[in-house]
Amino acid sequence: MTSTFDLPQRLLLGAGPSQTTDRVLRALGSPTLGHLDPAFGELLDDLSARLRTVFRTENRVAFPVSGTGSAGMETMVANLVSPGDRVICGIHGLFGERMADELARHGAHVVRVEGEWGRAIPLELMTEATKDGFDAMFVVHAETSTGVAQPLDGLADLCRANDALLLVDCVTSLGGHRLELDAWGVDAAFSGTQKCLNVPPGLAPFTLGPRAVAKAETVDCPSWYFDLSLVLGYWSGDGGRAYHHTAPINLIYGLHEGLGDVIEEGLEARWARHERAHGALLRAVRALGLERLAPEGEQLNSLLAVRIPEGVDDAAVRGSLLLEDGIEISGGVGKFAGSVWRLGVMGFGANPEPQRRLVEALAKRLGHEPADALAELDAGWTSD
Ligand SMILES: *Cc1c(COP(=O)(O)O)cnc(C)c1O
């Protein structure tokens, strides 16, 4: 790679962005086409098909919103929530809290369901919140702030019984942790490119099912940029593509390629690899005295959040990992600022080689011999 600015080499193993693969980097560098070029239109159709595959959905509407993951959140709320709607919002980390803020800004009546940070929200708590009726329910499937995967079992039934929509943030699960939108009855979901897809930040994979499409038709969208009735004039393709805003052409090449990677590997195989990678890294870091926040069974395979041991200087360790070892990990956020590290297990990062580099460097920074931890890592990858 050439740049007029001298960029350092880094291995990105934090909460995102994740490492961009060479394959994706090459795709990003392809010649820019016009956004109305029919050849680009064919790529867009294929991109939507790939998104349906990785989202496990047959939804007609599946496209990337222009903007990072949060732009997907904005699109969801601006098009599916009217002022005064009762929206149940599950909050068990930073991203649930962010959604509650977003909903309130759009005039929703937010019914907060607060779970413990670092745990999944019990179904009983969500059920309890439905007793006064509601228009939509939102949960974060993959809480990147705590490394917890929220089970969606039972939520679609609650929503159907109330003629309400089930809305999901799957930014850090898409392509890394089992996600089956249609089977789970999800009506709308958004994701991001820079977590398990190993594509740079800047697009938000997004999908809407038929019930959500029907609701969107009744909502007066307050945003021009994210108004689906305008945006889909470009993305739906039928009857020609109408210009709304210029599509981020090269980033779309990158996403198309990143999704190709996921599909070639196969979703089941990819989920299994992330599960194995998470387990192997956990064994290794336990040998270094670190403990996972999430209890067994509630962990998010694509993100391992661990408690920082007593007496260890968070900033000093992360600083030397980055500047001396060239490895980025993430600190804690919100309630866990200063007490937690977040280790990404995302796509490229869910492989033995990058994990070995991380474990060796962490061992050195924590004053351990790396041998035991590396043996645990290897055992985690090879055991059945
Ligand atoms: C990263 C992330 C987001 C926000 O995505 P941006 O790309 O930073 O806008 C939202 N939700 C979750 C769970 C995330 O991990």
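Whatever order the structure lists them in is the order used to number ligands and atoms, beginning at 1. Just so we're clear, the structure is a prediction, and the values are computed from it rather than from any experiment.
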Could you identify the single nearest non-hydrogen protein atom to atom 3 (C) of ligand 1 and state the distance to 0.1 Å? F95 CE2, 3.4 Å
Ring centroids only, cut at 6.0 angstrom: are H245 and W224 within range, meaning strictly under it? no
Going by the atom numbers of ligand 1, which of them fall below 4.0 Å from some non-hydrogen atom of R98? 4 (C)
For L208 and A188, which heavy atoms make the closest approach, and how far apart are they? CD2-CB, 3.6 Å
Enumerated ligand 1 atoms positioned under 4.0 Å from heavy atoms of T68: 6 (P), 7 (O), 9 (O)
When only distance counts, is V140 in polar contact with ligand 1, meaning an N/O pair under 3.5 Å? no
When only distance counts, is E143 in polar contact with ligand 1, meaning an N/O pair under 3.5 Å? no
Starting from atom 8 (O) of ligand 1, what is the nearest protein heavy atom, named by residue and atom, and what distance separates them? Q194 NE2, 3.9 Å
Testing the 3.5 Å rule here: is there a donor-acceptor pair between the side chains of S302 and H274? no
Please report the closest heavy-atom contact between L358 and L13, naming both atoms and the distance. CB-CD1, 3.8 Å
At the 4.0 Å heavy-atom cut-off, does K195 count as touching ligand 1? yes
Using a strict 4.0 Å cut-off to heavy atoms of T144, name the atoms of ligand 1 that fall inside it. 12 (C), 13 (C), 14 (C), 15 (O)
Residue, atom name and distance, where the atom is the protein heavy atom closest to atom 11 (N) of ligand 1: D169 OD2, 2.6 Å
Over 60° means perpendicular and under 30° means parallel, so classify the ring planes of F206 and F63, tilted if in between. perpendicular
Do you know which two heavy atoms are closest between D85 and L80, and how far apart they sit? OD2-O, 4.1 Å
Relative to each other, are the rings of F40 and Y253 parallel, tilted or perpendicular (30° and 60° limits)? perpendicular
Which ligand 1 atoms are under 4.0 Å away from a heavy-atom of A142? 13 (C)
